Q: 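Pasting a structure below so you can have a look.
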Amino acid sequence: MIKKTLEKKLQKIWAECGFPFPTISLELPKNTLYGDYATNIAFSLTKDWRMSPQHAAEKLCDAISTHPEFANSVVFNVQNGFINLRLSDAFLWEQKNQATAFPETTDSTLLEYVSANPTGPLHIGHGRWAVLGSTLFNLLSYVGMPVKSEFYINDAGNQIVKFYNSVDAARKKEPIPEDGYHGAYIHDLAASAKDPLQANLDHHKETLFKLGITFDIWFSEKTLHDSGEVVSTIEQLKKAGMTYEKEGALWFSTVQFGDDKDRVLIKADGALTYFAVDIAYHQEKIKRGFSRLINIWGADHHGYVNRVRAGVAALCGKHFLSEAHFHFIIGQLVSLMRGGEPVRMSKRTGDMITLDEVIDEIGSDATRFFLVNKGPDTHIEFDLELAKTKSAENPVYYIQYAHARLSGILKKITQKTDAPLANWELNPTERQLLLHCVQMPDVLWEAAQHLVPHRVAHYAFQMARYIHLFYETCPIAQADPKDQEKRLLILVTAQKTLAEALTILGISAPTEM
RNA sequence: GCGCUCGUAGCUCAGUUGGAUAGAGCAACGGACUUCUAAUCCGUAGGUCGUAAGUUCGAAUCUUACCGGGCGCACCA
């Protein structure tokens with residue numbers, strides 16, 4: 001990781017020179033003319049040092065610019081108070097061959113996502129959480145964080161009863177209860193002898209598999225009831241004095257843990273609330289040894305975040321109030337349009353487009369890219385007609401084409417590897433591409449730290465841009481042997497790097513298109 | 001009404017702990033295929049970063065108020 005390494009080096013050397021800074025953080029200048037990295041440290045010194053940022057930066061730069069540690073690797077210059085760093089070509093070549101060692105993480109993470117009710121088919125919103133979750137999972141795994149993925153199956157409770165009643169009614173050719181499920185799929189389920197819940201679940205698995213998604217753990221809610229976990233969780237809360245009775249119900253005072261009001265655990269009719277089950281579930285996760293929980297939820301459940309967090313904090317320790325140990329990613333909903341008209345997505349109407357249909361229409365790669373390319377906080381408006389007619393212009397093809405083009409060259413030209421590189425000087429296009437390649441570990445590490453999978457998509461797109469430019473302006477077949485050798489090495493690196501990014505995104509890297 | 005969230009180019013969206021002249025794609029316009037794949041590249045045009053204050057060397061980013069969209073506010077799941 002270049003950036004981290006440079007930050008540490010700078011900090012160390014400045015400390016030796018008598019400038020102890022707690023941390024140095026490098027940023028990527030917007031304008032690449034300034035350099036590859038920059039630091040604004042001088043701006044924070046103006047008061048103490050009683051000098052202008054420019055002056056302070058020059059002083060700091062003097063201390064390091066001739067340091068042997070940076071000889072042949074970094075060129076410094078000061079502009080507008082910023083200290084700019086430019087990496088040498090030799091350094092870039094060296095980095096290309098360096099294996100990345102990501103810092104070790106002690107936390108063991110459980111990533112729960114999708115967790116759709118098995119009472120109906122998955123819709124595009126589920127697709128979004130699914131793609132976000134699986135990309136995040138790939139990302140965390142890639143940077144060496146221990147992580148397991150889990151799908152929580154809501155196979156108990158009221159909705160399940162209503163669901164079974166609906167299918168039963170359909171089987172008996174009776175009208176479906178008012179408060180039941182009225183989708184057309186209910187009749188399909190009724191026509192089959194299979195258990196309808198299991199049938200839905202199998203269908204979920206198939207749909208997710210089409211997107212290349214599998215889960216480490218499928219966790220059944222029913223097992224929490226059967227094992228007595230829910231009851232014992234409530235007992236535990238009672239003993240801790242965190243519950244009280246009011247109007248015939250048992251309440252949990254979650255307010256003291258940041259919730260805006262207290263919540264019912266056992267209703268006046270003696271039934272458990274979903275909340276009671278859910279905190280038992282989350283406690284169970286921690287009992288299984290996970291020290292960090294990440295949940296991806298739809299925005300329609302965001303009002304639920306605080307009470308679950310409060311519950312977990314009460315049972316398992318206040319550190320779960322912190323995002324570092326219990327993180328929620330709230331995915332905004334996806335509005336599905338067809339020809340400018342909104343498509344309703346309710347499971348109860350029957351008038352819905354399923355995730356399955358979307359994947360069949362535009363393909364897994366495009367579906368994944370479209371859903372992961374945007375931050376989870378944005379509201380996506382997705383027009384199916386538009387997606388179909390413009391599928392050839394989808395950025396995912398731009399990226400895949402970049403990979404295919406490189407493959408095309410490799411098919412025609414075989415690479416000679418062993419000879420030492422005769423010409424390692426980089427022209428701007430070559431340099432841009434190689435630099436971007438060796439920066440991947442930094443990008444992935446930071447994306448993993450901030451839990452922002454969409455940054456991987458942007459990285460891949462940027463990579464494709466540089467590859468196309470390289471392809472257009474740096475011929476290989478007709479280049480002289482020195483350039484050819486050098487460019488082939490860059491090409492192989494770029495192709496491998498892009499393929500890795502695509503793997504994390506769960507998108508195929510075709511060798512021809 | 002309260003809470004969460006979003007508002008950046010005509011459209012869809014990036015913009016990293018606050019940094020240098022605000023960034024892409026699509027759409028529009030003009031160029032580049034006798035070449036390793038033109039699903040590409042180059043160029044032009046496009047902006048009161050919702051509005052108004054505040055914080056400071058410096059704000060799209062932080063604070064407050066308002067405007068507008070989405071979603072939540074159950075002894076449903």
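Chain letters run A, B, ... following the sequence lines, proteins first and then strands; every chain starts at 1. Values below: every heavy atom of this structure, side chains too, minus hydrogens, waters and symmetry copies. Note that the coordinates shown come from a computational prediction; the quantities given were computed from them, not determined experimentally.
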Q: Within the pair A:Lys411 and B:C36, is there a side-chain N or O less than 4.0 Å away from OP1 or OP2?
A: no
Q: With heavy atoms under 4.0 Å as the rule, sort A:Ile476 into base, sugar-phosphate or nothing.
A: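 It contacts base atoms.
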Q: State which of B:A77, B:G19, B:G25 makes the closest approach to the side chain of A:Phe461.
A: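 When the side chain of A:Phe461 is considered, B:G25 is the closest of B:A77, B:G19, B:G25.
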Q: Once hydrogens and angles are ignored, does a donor-acceptor distance under 3.5 Å link the base of B:A39 to the side chain of A:Asn394?
A: no
Q: Looking only at heavy atoms, which two atoms of A:Gln484 and A:Ile476 are closest? And how far apart?
A: NE2-O, 2.8 Å
Q: Determine the Euclidean distance between corresponding C1' atoms of B:A9 and B:A28; express it in Å to zero decimal places.
A: 13 Å
Q: I need a per-nucleotide contact map over nucleotides 44-49 of chain B, read 5' to 3'. Cutoff is protein heavy atoms under 4.0 Å; write B for the base, S for backbone only, - otherwise.
A: ------
Q: Describe the nucleic acid contact of A:Arg263 in one word from base, sugar-phosphate, nothing, applying a heavy-atom distance below 4.0 Å.
A: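 No contact at all - A:Arg263 keeps every heavy atom at 4.0 Å or more from the nucleic acid.
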Q: Assign A:Ala404 to base, sugar-phosphate, or nothing according to its heavy-atom contacts below 4.0 angstrom with the strands shown.
A: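 Here A:Ala404 touches the bases of the nucleic acid.
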Q: What I want to check is whether the side chains of A:Ser220 and A:Asp155 have a donor and an acceptor closer together than 3.5 Å.
A: yes
Q: For A:Asn84, answer base if it contacts any base atom (sugar-phosphate contacts may also be present), sugar-phosphate if it contacts only those atoms, and nothing otherwise; contact means non-hydrogen atoms under 4.0 Å.
A: base
Q: Assess whether one donor atom and one acceptor atom, taken from the side chain of A:His458 and the base of B:G15, lie less than 3.5 Å apart.
A: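 Side chain to base: no pair present.
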Q: Can you tell me how far P of B:A32 sits from CD of A:Glu472, to the nearest Å?
A: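 A:Glu472 atom CD is separated from B:A32 atom P by 14 Å.
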Q: Within the supplied structure, the quantity of interest is the number of heavy atoms (other residues, nucleotides, ligands) at a distance under 6.0 Å from A:Lys267 NZ; does it exceed 12?
A: yes
Q: What's the verdict on side chain to side chain donor-acceptor pair (under 3.5 Å) for A:Ser508 and A:Gln400, showing C-alpha distance, side-chain angles and the deciding distance?
A: CA-CA 8 Å; A:Ser508 65; A:Gln400 290 180 317; 3.2 Å; yes
Q: For B:A39, take OP1 and OP2 only and decide whether either is under 4.0 Å from a side-chain N or O of A:Tyr397.
A: no
Q: Just call it for A:Glu512: base, sugar-phosphate, or nothing, with non-hydrogen atoms closer than 4.0 Å on any strand.
A: base
Q: Distance check needed: B:G72 P versus A:Ile330 CD1, whole Å only.
A: 13 Å
Q: Can you sort out the partners of A:Lys374 under salt bridge (Lys or Arg N to Asp or Glu O under 4.0 Å), two or more places apart, ordered by chain and number?
A: none
Q: Under 4.0 Å, counting only non-hydrogen atoms across every strand here, what does A:Asn158 touch: a base, just sugar-phosphate, or nothing?
A: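 Result for A:Asn158 = sugar-phosphate.
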Q: Taking syn as any angle within 90 degrees of 0 and anti as the rest, which one fits B:C26?
A: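 This nucleotide is in anti.
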Q: Distance between the C1' atoms of B:A59 and B:A32, in whole angstroms?
A: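 One C1' to the other, the span is 42 Å.
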Q: Ignoring backbone atoms, test whether A:His302 places a side-chain nitrogen or oxygen under 4.0 Å from the OP1 or OP2 oxygen of B:G70.
A: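 Result: no.
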Q: Within the pair A:Tyr398 and B:C41, is there a side-chain N or O less than 4.0 Å away from OP1 or OP2?
A: yes
Q: Think A:Lys30 has a side-chain N or O under 4.0 angstrom from the OP1 or OP2 of B:U16?
A: no
Q: What's the CD1-C1' distance between A:Ile413 and B:C36, to the nearest Å?
A: 6 Å
Q: When the ring centroid of A:Tyr401 is compared with that of A:His468, is the distance short of 6.0 Å?
A: yes
Q: For A:His468, answer base if it contacts any base atom (sugar-phosphate contacts may also be present), sugar-phosphate if it contacts only those atoms, and nothing otherwise; contact means non-hydrogen atoms under 4.0 Å.
A: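 Sugar-phosphate contact only - A:His468 comes under 4.0 Å of backbone atoms but never of a base.
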Q: Is there a side-chain polar atom (N or O) of A:Arg307 under 4.0 Å from OP1 or OP2 of B:C73?
A: no
Q: Which whole number of Å gives the distance between the C1' atom of B:G15 and that of B:G47?
A: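 So the two C1' atoms sit 15 Å from each other.
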Q: When you measure from the side chain of A:Met513, which nucleotide among B:U37, B:U16, B:U17 comes out closest?
A: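 The answer is B:U37.
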Q: Checking ring pair (Phe, Tyr, Trp, His ring centres under 6.0 Å) for the pair A:Phe461/A:Tyr459: CA distance, chi angles, key distance, verdict?
A: CA-CA 5 Å; A:Phe461 187 83; A:Tyr459 175 81; over 10 Å; no
Q: Taking the same atom, P, in B:G7 and in B:U16, what whole-Å distance lies between them?
A: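 It works out to 12 Å between them.
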Q: So what does A:Ala276 touch, heavy atoms closer than 4.0 Å: a base, only the sugar-phosphate, or nothing?
A: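 No contact.
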Q: Does A:His203 have its ring centroid less than 6.0 Å away from the ring centroid of A:Tyr185?
A: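 Between A:His203 and A:Tyr185, the centre distance exceeds or equals 6.0 Å.
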Q: For nucleotides B:G10 and B:A53, find the distance between their C1' atoms and express it as a whole number of Å.
A: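 Those two atoms are separated by 31 Å.
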Q: Checking the side chain of A:Arg368 only, and the main-chain atoms of A:Leu505 only, is there a donor and an acceptor separated by less than 3.5 Å?
A: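 Such a contact is found between A:Arg368 side chain and A:Leu505 backbone.
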Q: Taking the C1' atom of each, how far is B:C49 from B:C29, in whole Å?
A: 26 Å
Q: Quick one: is A:Lys412 getting a side-chain N or O under 4.0 Å of the B:U37 phosphate, OP1 or OP2?
A: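 Checking B:U37 against A:Lys412, a side-chain N or O does come within under 4.0 Å of OP1 or OP2.
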Q: Between A:Pro29 and A:Gly408, which is nearer to the 5' end of RNA chain B once each is assigned its nearest nucleotide?
A: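 Final value for this comparison: A:Pro29.
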Q: Which nucleotide, B:C75, B:U5, B:C71, lies nearest any side-chain atom of A:Asp377?
A: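 Of all the options, the side chain of A:Asp377 is nearest to B:U5.
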Q: When the P atoms of B:C42 and B:C33 are compared, how many Å lie between them, rounded to an integer?
A: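 Per the computed distance, 16 Å lies between those P atoms.
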Q: Does the side chain of A:Gln11 pick up a donor-acceptor pair with the side chain of A:Glu7 at under 3.5 Å?
A: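 On atom types as modelled, these side chains do not qualify, holding no pair under 3.5 Å.
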Q: Quick one, A:Trp129 and A:Trp297 - any side-chain contact, counting heavy atoms below 4.5 Å?
A: no
Q: Could you give the distance separating B:C11 and B:C57 at their P atoms, to the nearest angstrom?
A: 38 Å
Q: Does a side chain donor of either A:Asn295 or A:Lys285 reach within less than 3.5 Å of an acceptor in the other side chain?
A: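 Checked: A:Asn295/A:Lys285 side chains pair up, N/O donor to acceptor below 3.5 Å.
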Q: I want to check one thing: is the phosphate of B:C76, taken as OP1 and OP2, less than 4.0 Å away from some side-chain N or O of A:His301?
A: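 It does not, given that no N or O in the side chain of A:His301 lies less than 4.0 Å from OP1 or OP2 of B:C76.
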Q: Which part of the nucleic acid, if any, lies within reach of A:Asn80 when heavy atoms closer than 4.0 Å are counted: base, sugar-phosphate only, or nothing?
A: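 Since a base atom lies under 4.0 Å of A:Asn80, the category is base.
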Q: Is the phosphate of B:C6 approached by A:Lys374 (side-chain N or O, under 4.0 Å from OP1 or OP2)?
A: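 So the side chain of A:Lys374 is outside the cut-off, no N or O lying under 4.0 Å from OP1 or OP2 of B:C6.
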Q: It should be established whether A:Thr378 places a side-chain nitrogen or oxygen under 4.0 Å from OP1 or OP2 of nucleotide B:G70.
A: no
Q: How would RNA chain B look in dot-bracket form, 5' to 3', counting Watson-Crick and G-U wobble pairs with both distances under 3.5 Å and writing | for bases paired to another strand?
A: (((((((..((((.....[...)))).(((((.......))))).....(((((..]....))))))))))))....
Q: Is there a side-chain polar atom (N or O) of A:Arg405 under 4.0 Å from OP1 or OP2 of B:A38?
A: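 Affirmative; the distance criterion is met.
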Q: So which nucleotide from B:G72, B:C75, B:C36 ends up closest to the side chain of A:Glu247?
A: B:C75
Q: Ring centroid separation for A:Tyr244 and A:Phe252, is it under 6.0 angstrom?
A: no
